[in-house]
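See below for the structure under consideration.
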Amino acid sequence: MNLKYRFIGRIKELLEQKIVRYALILHSFYFILSIILFFMVYQKQNDFIIFYRVGKIFLNDIENLYNQTYYLWDFRYFPLSALFFIPFSFFNFQFAFVIFNIFNLFLNFLICILLYKIIFLVKNEDHERNDRRVILYICIYLMGLPHVLNYIYGQINLYITFFILLSLYIFLKFSDFKWQLLGGIILGLSIIIKPTAFFLIPFLIMMNFDLEVKKIKFDFLRSLIRLIGVFTPILLNIILFLLYPSLWAGFLDTNFTGSNPIALNFSFSITKLITNFCYFYNIPFNQLFILIGVMVILGGSGFMIFILRRFEENSIIYGYFFGIIIMLLTYFDSWDHHLLNLTPILIIIIFNLPRHSKTTEPIKLSLFFFIFFDLAFVGIWYLTYPLFPYNFESTFFLILSFYTIGKYCITKQGKKEYEVKKIEIDS
């Protein structure tokens, strides 16, 4: 009973803050608008059609899982991801969409709780002791315009965000091997549903090269347990690829070698900007070579920065940051609603950094652009792409964030701020 009263009291306390009321009203508007637009306009033009059909095809005709004639847009995820959508396929399409979005709304509630808990696990000591600023940033996340397209399209990014944050919370909170294994498994499940966190895998390795003493620190066993956890769900797809070789061919063709990655669109990844340029000017190109080139440069740079970082505590937060941002900058299709996977990590970093760190301002600037302005530039792209097919504004802020955090990780300024933080904690 006391727990019930405490919960009700906490809700009342939160609702007394104007920003919380505004955020809930605006987010409710996004949700209701998505339902209205679905029934009025988007019943035949949203991404949920793919997830709805893939559940049926997995049960009835699995060998045609990557036969794109069955879908409005390409299905490009691991075959086992279809298992998550089978329950929705038992309902009629309209009802399934509404239930799916209600579940998305519930996931956002859980994401906010996880975000709150993680921030208080890693928050720098020189931040305010009360939670008003934390609540402010969580409300900013809820007010983000990427939620609009995520709801309207019936997208699955909130599943990914939830699993990413849950795994991060486990890695930060618990050090036992069993928890490290569980955190890896949860992250692996997110990759099965949608491979957004795929490039995050190398950053699970607990390795650090101290530039001053020229000594490498490597927690082999804990790293191995994390990797076993993350690869266990992913490698289960091999069973289906072996049983149905056509699935492997379809998976490769859809994601890397087919015609879809070539198509002109408003993706803000570096890879897509390059392919758009080549496509627009009729320059011969191989999209796979471009993808690999960008991946090697960004992935290699990000991993080297992470290995050479000048601090250890809570470093996995920055590993998650690099893994997600490398995927957004590298893969062909990076859309506005994918930013829902990155913005919570940026918020966590803002609170992990010292309150007045020089690193914070560029991260804040990028966060606010992603949340409030990116969607506008998607609209501008549609107006200008016949003459200028480059949606580069988000690319700029992604690169700015990558550079800013990279500099913080490997410079003496970053080390100095980390040491000041450590002294404050010890004292």
Side-chain angles (χ1 to χ4, degrees), residues 17 19 112 114-141 144 164-165 168-169 171-173 175 200 203 206-213 217 301-326 339 342-372 397-427:
Q17 300 183 43
I19 188 65
C112 290
L114 277 173
L115 194 52
Y116 184 91
K117 287 182 172 294
I118 292 171
I119 288 171
F120 272 90
L121 272 180
V122 304
K123 189 170 67 143
N124 197 298
E125 288 295 308
D126 65 349
H127 284 268
E128 296 83 351
R129 295 192 177 276
N130 62 52
D131 65 359
R132 292 188 71 86
R133 191 161 170 267
V134 177
I135 297 298
L136 169 65
Y137 273 86
I138 292 175
C139 288
I140 289 171
Y141 162 77
I164 285 173
L165 292 181
L168 178 59
Y169 177 75
F171 287 139
L172 289 167
K173 179 75 173 177
S175 59
L200 200 155
F203 297 94
M206 301 179 71
M207 181 184 296
N208 178 225
F209 182 78
D210 193 316
L211 288 169
E212 293 184 358
V213 300
K217 299 175 184 177
S301 300
F303 190 65
M304 286 300 298
I305 290 169
F306 185 69
I307 295 298
L308 298 174
R309 67 190 181 278
R310 291 178 177 265
F311 57 90
E312 185 56 39
E313 187 179 10
N314 298 323
S315 60
I316 193 170
I317 299 169
Y318 299 88
Y320 270 56
F321 165 82
F322 282 119
I324 295 171
I325 210 166
I326 288 168
L339 294 170
L342 178 65
T343 50
I345 302 298
L346 294 180
I347 291 171
I348 292 168
I349 286 175
I350 287 171
F351 283 94
N352 182 247
L353 292 170
R355 180 69 169 87
H356 301 290
S357 170
K358 295 178 181 179
T359 307
T360 304
E361 290 308 314
I363 299 302
K364 281 185 185 177
L365 185 63
S366 300
L367 174 69
F368 279 87
F369 178 85
F370 296 145
I371 284 179
F372 295 117
F397 284 100
L398 288 170
I399 294 172
L400 175 65
S401 299
F402 185 95
Y403 170 78
T404 302
I405 295 300
K407 182 180 178 182
Y408 174 77
C409 287
I410 63 175
T411 61
K412 291 185 178 180
Q413 178 63 34
K415 183 181 181 183
K416 181 180 178 182
E417 291 180 351
Y418 169 73
E419 288 176 342
V420 169
K421 171 186 171 182
K422 190 169 178 56
I423 291 170
E424 290 172 348
I425 292 173
D426 293 340
S427 61

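Shown here for Thr359 and Thr404, the closest heavy-atom pair between the two residues is CG2-CG2, 3.4 Å. Contact between Leu115 and Pro344 at its shortest, heavy atoms only, is CD1-O, 3.6 Å.
Rounded to the nearest 0.5 Å, atoms OG (Ser401) and CD1 (Ile324) are 12.0 Å apart. If you take CG on Asn208 and CZ on Arg310, they are separated by 10.5 Å, rounding to the nearest 0.5 Å. Expressed to the nearest 0.5 Å, how far CD1 of Ile410 lies from CD1 of Ile307 amounts to 12.5 Å. Atom CG of Leu172 is separated from atom CD of Glu313 by 10.0 Å, given to the nearest 0.5 angstrom. A distance of 10.5 Å separates CG of Leu339 from OG of Ser366, quoted to the nearest 0.5 Å. Here the CZ-CG distance, from Phe370 to Leu365, works out to 9.5 Å after rounding to the nearest 0.5 Å.
At least one donor-acceptor pair under 3.5 Å links the side chain of Asn352 to the backbone N or O of Val122.
Residues Leu114 and Leu168 fail the side-chain proximity criterion, which asks for heavy atoms closer than 4.5 Å. Ile350 places a side-chain heavy atom less than 4.5 Å from the side chain of Arg133. Between Tyr318 and Arg309, the closest side-chain pair of non-hydrogen atoms is not below 4.5 Å. No side-chain heavy atom of Ile348 sits under 4.5 Å from any side-chain heavy atom of Tyr320. Looking at Ile405 and Ile325, their side chains never come closer than 4.5 Å, going by heavy atoms from C-beta outward. Inter-residue side-chain proximity for Thr360 and Ile349 is flagged as unmet; no heavy-atom pair is nearer than 4.5 Å.
For the ring pair (Phe, Tyr, Trp, His ring centres under 6.0 Å) test, residues two or more places apart in sequence or in another chain that qualify with Phe369 are Phe377, Phe397. Taking Arg129 as the reference, Glu125 meet the side chain to side chain contact (heavy atoms under 4.5 Å, CB included) condition, with sequence neighbours excluded. For the ring pair (Phe, Tyr, Trp, His ring centres under 6.0 Å) test, residues two or more places apart in sequence or in another chain that qualify with Phe306 are Phe203. Listed by chain and residue number, Phe120 satisfy the ring pair (Phe, Tyr, Trp, His ring centres under 6.0 Å) test with Tyr116 (two or more places apart in sequence, or in another chain). When the side chain to side chain contact (heavy atoms under 4.5 Å, CB included) test is applied to Ile371, the partners found at least two apart in sequence or on another chain are Ile140, Thr343, Leu367. For the ring pair (Phe, Tyr, Trp, His ring centres under 6.0 Å) test, residues two or more places apart in sequence or in another chain that qualify with Phe351 are His127, Tyr137. Partners of Cys139 according to the side chain to side chain contact (heavy atoms under 4.5 Å, CB included) rule, which considers only residues two or more places apart in sequence or in another chain, are Ile19, Val20, Ala23, Ile135. Contacts of Arg355 classified as salt bridge (Lys or Arg N to Asp or Glu O under 4.0 Å), with partners at least two apart in sequence or in another chain: Glu128. With sequence neighbours excluded, the residues satisfying side chain to side chain contact (heavy atoms under 4.5 Å, CB included) with Met304 are Leu308. The side chain to side chain donor-acceptor pair (under 3.5 Å) check on Glu361 picks up nothing, with sequence neighbours excluded.
Within the structure, no pair that satisfies the salt bridge (Lys or Arg N to Asp or Glu O under 4.0 Å) test touches residues 315-325, not counting sequence neighbours.
Environment of NZ in Lys117: sparse, with no more than 12 heavy atoms of neighbouring residues, nucleotides or ligands closer than 6.0 Å.
The six-membered or imidazole ring of Phe402 lies near that of Phe322, with a centre-to-centre distance under 6.0 Å.
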